[in-house]
Amino acid sequence: MSASLKVDLGTVTYTEDYIASIAGYSALECYGLVGMSQKNITEMIANMFTGDNLKKGVHVKTDGSENIVIELYITVKYGVSLAAVAENIIDKVKYTVEKETGLNVQSVDIIVQGIQI
């Protein structure tokens with residue numbers, strides 16, 4: 001599915017892959033984040049063959065309109081404040097996706113799948 005934004009001269013349609021790439025790139029810029037994790041074994045196998053690391057661990061839900069929900073599956077550094085890292089990632093991803101696309105990010109959900117020592 002995709003998300004659409006109506007403008008004066010027509011409609012701009014963004015694919016979920018494009019939105020996931022923006023979200024993944026902006027999340028990786030945040031301190032305390034070691035990397036993204038796969039949601040499940042199917043996603044892990046698919047990423048082995050595609051090699052697309054920006055979308056790894058990012059799941060975008062759209063309803064075809066301007067509203068989107070982003071889920072990030074992450075691995076964090078040991079010893080950092082999980083709440084601070086999560087809040088930083090949420091703010092950065094929401095701001096970047098809304099700035100780049102003009103879409104409304106309803107929520108950014110963080111799922112911590114690992115801690116790196």
Side-chain angles (χ1 to χ4, degrees):
M1 188 164 257
S2 57
S4 297
L5 178 66
K6 293 185 181 187
V7 293
D8 293 339
L9 299 175
T11 304
V12 179
T13 303
Y14 300 100
T15 64
E16 289 180 355
D17 285 345
Y18 175 72
I19 297 167
S21 294
I22 294 171
Y25 183 76
S26 62
L28 289 173
E29 293 179 342
C30 296
Y31 175 78
L33 179 68
V34 173
M36 307 297 283
S37 304
Q38 283 88 9
K39 180 178 177 182
N40 54 38
I41 191 73
T42 305
E43 186 177 305
M44 183 172 65
I45 293 170
N47 281 331
M48 285 172 42
F49 295 110
T50 61
D52 193 357
N53 290 331
L54 286 181
K55 297 182 293 186
K56 181 174 92 170
V58 182
H59 185 239
V60 178
K61 298 177 187 176
T62 63
D63 59 3
S65 68
E66 297 178 18
N67 300 316
I68 58 176
V69 173
I70 300 170
E71 291 179 348
L72 299 172
Y73 295 82
I74 66 170
T75 301
V76 295
K77 286 183 183 179
Y78 176 77
V80 297
S81 168
L82 191 55
V85 171
E87 185 176 349
N88 187 26
I89 293 169
I90 290 167
D91 290 342
K92 174 80 173 175
V93 169
K94 182 175 178 7
Y95 172 78
T96 305
V97 171
E98 287 180 345
K99 184 183 106 189
E100 294 290 327
T101 64
L103 299 170
N104 178 34
V105 178
Q106 289 183 326
S107 70
V108 178
D109 301 326
I110 304 290
I111 298 94
V112 179
Q113 291 199 318
I115 297 173
Q116 185 179 46
I117 299 176

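Any value given below was found using the heavy atoms of this structure, including those in side chains, with hydrogens, waters and symmetry copies removed. Here, residue 1 is the first one in the sequence, and each next residue gets the next number. Remember, it's a predicted structure, so these values are computed and weren't measured experimentally.
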Gap between atom CD of Glu16 and atom NE2 of His59 - 0.5 Å precision: 6.5 Å
Distance (rounded to the nearest 0.5 Å) between Asp109 CG and Ile90 CD1: 7.5 Å
Lys94 side chain vs Val105 backbone, donor-acceptor pair below 3.5 Å: yes
Atom of Leu33, atom of Ala27 and distance for their closest heavy-atom approach: CD2-O, 3.0 Å
Working for side chain to side chain contact (heavy atoms under 4.5 Å, CB included), residues Tyr18 and Thr101: CA-CA 10 Å; Tyr18 175 72; Thr101 64; 4.1 Å; yes
Whether Gln116 side chain and Thr75 backbone form a donor-acceptor pair below 3.5 Å: no
Hphob cluster co-occupancy, Leu9 + Val12, side-chain heavy atoms under 4.5 angstrom: no
Minimum heavy-atom distance between Tyr14 and Glu100, given as atom pair plus value: OH-O, 4.2 Å
Atom pair CD1 (Ile19) and CG (Leu103), whose distance is rounded to the nearest 0.5 Å: 5.5 Å
Minimum-distance pair of heavy atoms, taken over all atoms of Thr11 and Lys6: OG1-CG, 4.1 Å
Tyr25 vs Thr96 side-chain heavy atoms within contact, under 4.5 Å: no
Whether Ser26 side chain and Ala23 backbone form a donor-acceptor pair below 3.5 Å: yes
Path from Val69 to Val97 over hydrophobic side-chain contacts below 4.5 Å: no
Nearest non-hydrogen partners of Ala3 and Ile68, listed with the distance: CB-CG2, 3.9 Å
From Gln113, Met36, Lys56, residue fulfilling side-chain contact (heavy atoms from CB on, under 4.5 Å) relative to Tyr73: Gln113
Gap between atom CD1 of Ile89 and atom CG of Leu28 - 0.5 Å precision: 9.0 Å
More than 12 heavy atoms from other groups under 6.0 Å of CD on Glu87: no
ILVMFWY network linking Ile110 to Ile115, side-chain heavy atoms under 4.5 angstrom: yes
Verdict with supporting geometry, Val76 and Val112, side chain to side chain contact (heavy atoms under 4.5 Å, CB included): CA-CA 7 Å; Val76 295; Val112 179; 4.3 Å; yes
Test side chain to side chain contact (heavy atoms under 4.5 Å, CB included) applied to Val58 and Glu71, step by step: CA-CA 6 Å; Val58 182; Glu71 291 179 348; over 6 Å; no
Connected via hydrophobic side-chain network under 4.5 Å: Val34 and Leu72: no
Connected via hydrophobic side-chain network under 4.5 Å: Val85 and Tyr95: no
